[in-house]
Number of protein chains: 2
Amino acid sequence: MGRCSLLLLLLLIAFLTPGAANPVSPSLRAPSSLPWSTSFRSRPTITLKYSIRYIQQKVDHFGFNIDRTFKQRYLIADNYWKEDGGSILFYTGNEGDIIWFCNNTGFMWDIAEEMKAMLVFAEHRYYGESLPFGADSFSDSRHLNFLTTEQALADFAKLIRYLKRTIPGARNQPVIALGGSYGGMLAAWFRMKYPHLVVGALASSAPIWQFNDLVPCDIFMKIVTTDFSQSGPNCSESIRRSWDAINRLAKKGPGLRWLSEALHLCTPLTKSQDVQRLKDWISETWVNVAMVDYPYESNFLQPLPAWPVKVVCQYFKYSNVPDTVMVQNIFQALNVYYNYSGQAKCLNVSETATSSLGVLGWSYQACTEMVMPTCSDGVDDMFEPHSWNMKEYSDDCFKQWGVRPRPSWIPTMYGGKNISSHTNIIFSNGELDPWSGGGRGEAETLRYRK
Amino acid sequence: MGRCSLLLLLLLIAFLTPGAANPVSPSLRAPSSLPWSTSFRSRPTITLKYSIRYIQQKVDHFGFNIDRTFKQRYLIADNYWKEDGGSILFYTGNEGDIIWFCNNTGFMWDIAEEMKAMLVFAEHRYYGESLPFGADSFSDSRHLNFLTTEQALADFAKLIRYLKRTIPGARNQPVIALGGSYGGMLAAWFRMKYPHLVVGALASSAPIWQFNDLVPCDIFMKIVTTDFSQSGPNCSESIRRSWDAINRLAKKGPGLRWLSEALHLCTPLTKSQDVQRLKDWISETWVNVAMVDYPYESNFLQPLPAWPVKVVCQYFKYSNVPDTVMVQNIFQALNVYYNYSGQAKCLNVSETATSSLGVLGWSYQACTEMVMPTCSDGVDDMFEPHSWNMKEYSDDCFKQWGVRPRPSWIPTMYGGKNISSHTNIIFSNGELDPWSGGGRGEAETLRYRK
């Protein structure tokens with residue numbers, strides 16, 4: 001795929017993607033030994049007890065020619081469920097294995113007892129085990145044709161009706177949709193389209209406006225940059241300069257080998273295209289760190305210290321350093337993300353997604369409905385300049401999947417910025433979250449900040 | 001198709017179906033010569049000026065594998081349109097030629113000047129000229145796969161966005177959806193699903209609850225019966241007895257010939273099944289008369305006098321009459337509907353639909369999403385008893401179209417009775433309208449009436 005769309009796909013995959021934790025290497029220093037401290041504590045560990053269930057769903061809710069069904073997986077935790085007065089908290093699963101999301105959505109578990117809640121985690125079709133055509137689900141655009149947000153929301157609707165019909169006492173209890181990231185968009189859109197089934201939605205970090213021209217395409221990378229510039233002196237400036245440092249080194253005779261060794265890469269760089277892949281991977285790493293810049297230790301994308309951006313920025317205090325020093329600093333900083341546990345043997349440029357996330361499925365969605373333009377200019381952000389080129393993006397999608405994206409469809413379907421007639425939707429956007437630029441709350445705030 | 005579903009299909013086709021006005025016969029007396037008068041006047045004739053336009057629409061808004069487009073027809077009348085302060089009244093076209101609906105939706109023309117309104121009449125896909133696959137559109141279930149309410153609403157959404165983008169001054173003007181009957185359901189559902197595109201909807205005579213078990217299946221026929229019983233002494237009772245009168249006569253030696261002549265049928269009855277068809281056709285006629293029981297002369301389904309049910313009931317004053325007299329009375333009453341103009345030569349049992357209505361398309365819709373159970377018991381209504389049998393209905397649909405209906409889908413999608421979170425939708429149901437039983441307003445009233 002072309003440069004422009006490759007970046008986008010990487011970003012989207014990075015949405016919730018753990019970079020892979022790689023095999024042990026004693027030669028790598030774990031940044032956990034850094035003298036960095038925080039007053040925040042890790043979240044307490046909760047024992048998660050749930051049962052795994054399945055429901056038969058129509059492959060096509062919006063057409064009658066194909067009457068085939070498939071098994072959608074969902075999880076139910078009803079330890080705290082009370083028929084009288086209890087709520088049903090319904091997680092609108094996103095692009096990955098639902099068990100992984102279940103294990104990483106602490107908020108629902110935190111409030112379950114207080115709300116006498118039944119927790120339901122519904123897997124999104126085409127992810128995890130919920131494959132409409134089994135192993136053939138991704139074989140071509142014909143089999144992928146039913147991977148849309150509308151079909152996914154219809155699955156959720158049918159599941160809720162089924163649960164209300166079959167679980168004693170559930171019929172009249174309120175259902176609340178919850179989701180994060182893409183799942184947050186789904187939670188919001190579900191309340192918009194099926195308000196008869198959910199009394200409200202909590203849409204966490206949901207960039208519902210990161211479509212078409214609703215927000216500037218550079219907003220995401222700008223916020224990442226702001227996160228870094230506010231987390232340490234010279235931090236974003238150093239990163240901005242780091243790309244040319246890599247470029248200059250790569251052009252020298254033994255440059256690729258030197259870079260490979262300095263960065264402890266599992267697979268050495270051998271050709272010039274590898275350098276671009278390297279830089280994309282590093283860019284994505286900084287994006288990921290910004291996305292999980294929590295004030296406590298966490299283990300969502302990777303095991304990470306509290307305030308990981310600040311920890312990373314410890315290595316970018318000086319922007320005017322020789323190129324070789326810059327690369328050594330990059331390595332130390334990468335280490336924060338890929339080796340907080342001290343177990344990594346080497347760093348793997350080609351692995352950025354865990355198998356819990358459905359890379360193929362999301363790539364198709366990004367090539368159809370979920371077209372979220374991103375760009376950078378290297379001036380207002382710390383990344384190399386990349387413009388947004390819709391034609392090139394569309395051509396790349398056609399090459400890869402045989403389909404063309406419809407970038408204006410999501411705003412047509414879900415209202416774009418004109419969503420004031422809907423009620424009971426909480427859009428929760430942390431100020432540090434790069435996706436807040438395309439989210440409802442923070443985008444508003446940003447407008448005043450400028 | 002089986003008896004049970006045949007009745008339903010006839011009813012639905014009758015939704016807005018003119019019975020055909022047939023060639024002249026001096027032997028038929030025009031009931032306009034009856035000494036019946038009314039204080040109401042016909043609606044004034046308005047000259048309708050509009051332009052015919054087309055927009056390219058995706059055949060499949062909800063899938064990307066088929067990227068084909070088709071031309072959707074729409075009409076625009078902008079004589080009274082004012083860019084400053086004018087509204088856009090958007091007719092959500094239903095199951096027929098949009099020009100016919102345009103010519104029969106006087107209300108929009110009536111209020112155009114006052115509202116400085118632009119009138120837009122959008123044709124529903126698979127009807128009129130808006131055929132996604134041209135002449136092949138109805139060839140099989142594969143080609144019919146895109147005939148759903150969701151696709152139709154998506155067409156409307158794209159059209160409104162296009163109009164706002166291209167018509168000077170339209171961008172910020174409010175759009176209001178209007179529709180009657182099935183089009184009324186679409187208007188309401190459009191506001192529910194796309195509140196960002198229309199500020200409100202006027203859903204006239206829209207039986208949004210005539211689905212699944214939301215209202216009793218006999219409600220429609222009961223209201224028709226009430227209309228007749230309140231329009232003349234012994235009227236509904238006479239009609240209730242008329243079926244057996246026909247049955248008894250049909251069993252006699254020359255019964256079929258006698259019936260054919262007494263009713264001036266264009267094609268004589270020759271076999272016993274013809275008798276059932278005859279009774280279905282007569283039932284449908286009474287239903288149609290009830291649907292257009294306007295207080296003024298009208299020409300919607302047929303040229304009709306004011307209060308046509310009362311005029312029909314003039315012939316059903318006596319329920320205890322010999323069978324032959326009963327049939328002669330039926331003929332006079334049929335004459336009100338089929339020969340008010342005095343031009344009919346004979347009555348045609350096989351023709352009940354004008355070519356303006358898409359019989360094929362509606363039959364498919366009734367076999368997929370638009371499953372609206374109806375039944376009668378002959379006790380609380382004046383019709384012969386017919387139960388509702390979903391299995392038989394489904395089997396008939398499978399035989400005819402190769403698809404099976406999904407009777408609970410419409411309530412899942414559009415909320416059933418749980419629609420209180422929506423705003424700015426006016427459900428207008430006349431008390432005499434048989435569809436009011438499945439409509440929001442009158443169903444509510446009915447609940448208190450019982």
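Sequence lines set the chain letters: A, B, ... in the order given, protein chains first and strands last, and positions in each chain run from 1. These numbers were taken from a predicted model, which means no experiment stands behind them.
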Considering non-hydrogen atoms only, spot the tightest contact between A/A187 and A/G179 and give its length.
CB-N, 3.8 Å
Mind running side-chain contact (heavy atoms from CB on, under 4.5 Å) on A/L144 and B/F64 for me, showing each step along the way?
CA-CA 9 Å; A/L144 278 159; B/F64 291 74; over 6 Å; no
With sequence neighbours left out, the residues meeting ring-ring contact (aromatic ring centres under 6.0 Å, His included) with B/F90 are B/F156
Ranked by heavy-atom pairs below 4.5 Å to chain A, first place among B/P411, B/P405, B/G402, B/A154 goes to B/P411
Between chain B and chain A, which N or O donor and acceptor atoms come closer than 3.5 Å?
{"residue": "B/D60", "atom": "O", "partner": "A/R406", "partner atom": "NH1", "Å": "2.9"}
{"residue": "B/G63", "atom": "O", "partner": "A/R406", "partner atom": "NH1", "Å": "3.3"}
{"residue": "B/G63", "atom": "O", "partner": "A/R406", "partner atom": "NH2", "Å": "3.2"}
{"residue": "B/F64", "atom": "N", "partner": "A/N145", "partner atom": "OD1", "Å": "3.0"}
{"residue": "B/N65", "atom": "N", "partner": "A/N145", "partner atom": "OD1", "Å": "3.0"}
{"residue": "B/N65", "atom": "OD1", "partner": "A/S141", "partner atom": "OG", "Å": "2.6"}
{"residue": "B/D67", "atom": "OD1", "partner": "A/R406", "partner atom": "NH2", "Å": "3.1"}
{"residue": "B/S141", "atom": "OG", "partner": "A/N65", "partner atom": "OD1", "Å": "2.6"}
{"residue": "B/N145", "atom": "OD1", "partner": "A/F64", "partner atom": "N", "Å": "3.0"}
{"residue": "B/N145", "atom": "OD1", "partner": "A/N65", "partner atom": "N", "Å": "3.0"}
{"residue": "B/R161", "atom": "NE", "partner": "A/T412", "partner atom": "OG1", "Å": "2.9"}
{"residue": "B/K193", "atom": "O", "partner": "A/K193", "partner atom": "NZ", "Å": "2.5"}
{"residue": "B/K193", "atom": "NZ", "partner": "A/K193", "partner atom": "O", "Å": "2.4"}
{"residue": "B/H196", "atom": "O", "partner": "A/N418", "partner atom": "ND2", "Å": "3.0"}
{"residue": "B/H196", "atom": "NE2", "partner": "A/T412", "partner atom": "O", "Å": "2.7"}
{"residue": "B/H196", "atom": "NE2", "partner": "A/G415", "partner atom": "N", "Å": "3.4"}
{"residue": "B/R406", "atom": "NH1", "partner": "A/D60", "partner atom": "O", "Å": "2.9"}
{"residue": "B/R406", "atom": "NH1", "partner": "A/G63", "partner atom": "O", "Å": "3.3"}
{"residue": "B/R406", "atom": "NH2", "partner": "A/G63", "partner atom": "O", "Å": "3.2"}
{"residue": "B/R406", "atom": "NH2", "partner": "A/D67", "partner atom": "OD1", "Å": "3.2"}
{"residue": "B/T412", "atom": "O", "partner": "A/H196", "partner atom": "NE2", "Å": "2.7"}
{"residue": "B/T412", "atom": "OG1", "partner": "A/R161", "partner atom": "NE", "Å": "2.9"}
{"residue": "B/G415", "atom": "N", "partner": "A/H196", "partner atom": "NE2", "Å": "3.4"}
{"residue": "B/N418", "atom": "ND2", "partner": "A/H196", "partner atom": "O", "Å": "2.9"}

What part of A/M413 lies closer than 4.5 angstrom to a heavy atom of chain B: side chain, backbone, both or neither?
both
Take B/I208 and B/I419, measure what side-chain contact (heavy atoms from CB on, under 4.5 Å) needs, and give me the verdict at the end.
CA-CA 11 Å; B/I208 54 164; B/I419 55 176; 3.8 Å; yes
Compare all side-chain heavy atoms of A/M185 with those of A/I410 and state whether any distance is below 4.5 angstrom.
no
Indicate the atoms forming the closest heavy-atom contact of B/A170 with B/L163, along with that distance.
CB-O, 4.0 Å
Begin from the C-alpha positions of B/V175 and B/L197 and carry the test side-chain contact (heavy atoms from CB on, under 4.5 Å) through to its verdict.
CA-CA 7 Å; B/V175 183; B/L197 295 178; over 6 Å; no
Counting only non-hydrogen atoms closer than 4.5 Å, does B/I66 touch chain A with its backbone (N, CA, C, O), its side chain (CB onward), both, or neither?
backbone
